[in-house]
2 protein chains.
Amino acid sequence: MILEAANAEFLEKGYDGTTTASIAARAKVTHAMLHYYFQTKENLFEMFVQKKMALVKEAICPPARTATPGNLAEQVRYIVSHHMDFLFSHPELPKFMLREICFNRDSLAMFAAVAHQDGNIMDVAAGLKKAAEKEGLSIGFDIRTIIIEIALFNISAFISTDIRRSCFGESEEAAAAMIENRKTENTERILKMLGK
Amino acid sequence: MILEAANAEFLEKGYDGTTTASIAARAKVTHAMLHYYFQTKENLFEMFVQKKMALVKEAICPPARTATPGNLAEQVRYIVSHHMDFLFSHPELPKFMLREICFNRDSLAMFAAVAHQDGNIMDVAAGLKKAAEKEGLSIGFDIRTIIIEIALFNISAFISTDIRRSCFGESEEAAAAMIENRKTENTERILKMLGK
DNA sequence: AAATAGTTTAACAATTTAGTTAACAAAAGT
DNA sequence: ACTTTTGTTAACTAAATTGTTAAACTATTT
């Protein structure tokens, strides 16, 4: 399938490094076919980015829970844990996000727009603030910072395992254990940032 | 100067996004001149990478001190602080490193090679281990992990300020204050990882 | 079976890009 | 003075890349 091939190529080589011909070859179609269905390379790339952006959103927003959100520590732990698990099952996401941030192409603005326009992410942030204030903590900064920090701390953990595997051949199990451990560490650190 | 132009172009647009013509235009020479002096684009890119790699090394290795290294906490604080200051005065480095990691082109292997081959980085790691053991702590993992973690935590702080500035226009002063604060937070977290 | 709509291919055009070349100019050496 | 080396330019080549097109092929509908 062309979209899957495009996905893989863009992830591996970025926009500039990918050619419509290489996508077509990977999808085992002629590149004329690719243009017949998707017209332009940019078009394909936009679809690719849109899909990943949707995943990014999903990663940050924990699924609605029937149970009450619980206290601040529980909420943070839940968000961190959910995000980690999500990254674990979508290992290409950190790479994608960092690449987009690095290459800009207004990606930061795009992230911001997605985050702002979308109620869910703002709700998550607001929910954290409310829970914190309920416990008598006063948040002296933009609460959205916390979302950014959670994302970055968690992503760092995955980048770290990547590097360790690549540099001194760490095992899958050790990596998984470390990720699990990071859930707790990152939760604690976020709570500390919230004044807890 | 051609090398400066190449540096700026590669940082902004990456290898694939940069053309020899755009470098030449930026340096205000004909692109024939560029090829006369540097032969190939890859050649220029390699010089670019080499320079950045040297900076990366310099960033990790604190300058030799005349005074004794001090206890574990002081050592970690010193390394973290030095690294942060270095990143602060080389704001393009985090972007470069992340991009290289993302785009691979064997960059991870290159990082590993640089880190291994170079005595200084290994010395820093070994120094930490020795200091930790002197204080009765047993390090149950590869000590190089700590170097990676320091680098990633610190880089994260700069990425975070980038995002905050871009997304909700945080001021320079707030960013600088946050970076300063992160020196302490990151130091504490690294110490905790070392069992302290 | 004929018409029609959708799919596929091969060949092609236009542009971009890395790198070359030949001619020329300016220094530097002899 | 003249010869060699070095720097510079404009024009060029060859390959790659995006996108098109016309014709052929296939499936579906009528």
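What you see is a predicted model; the values in this text were computed from it and never measured. Chain naming here is simple, since letters A, B, ... match the order of the sequence lines and numbering starts at 1 in each.
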Check your understanding: Which nucleotide in the set C:dT17, D:dT20, D:dT9 lies at the smallest distance from any side-chain heavy atom of B:T30?
Key -> D:dT9

Review point. From C:dT8, C:dG19, D:dT18, pick the nucleotide closest to the side chain of A:M33?
Key: C:dT8

Review point. Is there side-chain contact between A:D85 and A:K183, with at least one heavy-atom pair below 4.5 Å?
Key: yes

Check your understanding: Rounded to the Å, how far apart are B:D16 CG and D:dT18 P?
Key -> 11 Å

Review point. Which nucleotide sits closest to the side chain of A:Y37: D:dG19, D:dT17, C:dT7?
Key: C:dT7

Review point. What is the distance, rounded to the nearest whole Å, between atom NE2 of A:H35 and atom C1' of C:dA10?
Key: 15 Å

Point to revise | Heavy-atom check, side chain of B:R164 versus side chain of B:M178, under 4.5 Å | key: yes

Check your understanding: When you check the phosphate oxygens OP1 and OP2 of D:dT18, does a side-chain N or O of A:T20 lie under 4.0 Å from one of them?
Key -> yes

Check your understanding: Thinking salt bridges, do B:R182 and B:E185 make one under a 4.0 Å N-O criterion?
Key -> yes

Check your understanding: Nearest to the side chain of A:A32 - D:dT20, C:dT8, D:dG19?
Key -> D:dT20

Review point. How many Å lie between CZ on B:F38 and P on C:dA18, as a whole number?
Key: 15 Å

Check your understanding: Quick one: is C:dG19 close enough that its OP1 or OP2 comes under 4.0 Å of any side-chain N or O from B:Y36?
Key -> no

Practice item. Taking the side chain as every heavy atom from C-beta outward, state whether A:M84 and A:N186 have any pair of such atoms under 4.5 Å apart. Key: yes

Review point. Considering only side-chain heavy atoms of B:H31, which listed nucleotide, C:dA18, C:dT7, D:dT18, is closest?
Key: C:dA18

Study note, to complete from the structure: Taken to the nearest whole Å, NZ/B:K41 to P/D:dA15 is 18 Å

Check your understanding: With sugar-phosphate meaning primed atoms plus P, OP1 and OP2, does A:T18 contact a base, only sugar-phosphate, or nothing at under 4.0 Å between heavy atoms?
Key -> sugar-phosphate

Review point. B:L34 has an atom CG; how far is it from atom C1' of C:dT17, in whole Å?
Key: 13 Å

Review point. Rounding to a whole Å, what distance do you find between A:N43:CG and D:dT20:P?
Key: 12 Å

Exercise for review: Answer yes when B:R26 and B:E4 have at least one side-chain N-carboxylate O distance shorter than 4.0 Å, and no when they do not.
Suggested key: no

Revision key, fill the gap. When rounded to whole Å, the CG to P distance for the pair A:L44 and D:dT17 reads 16 Å

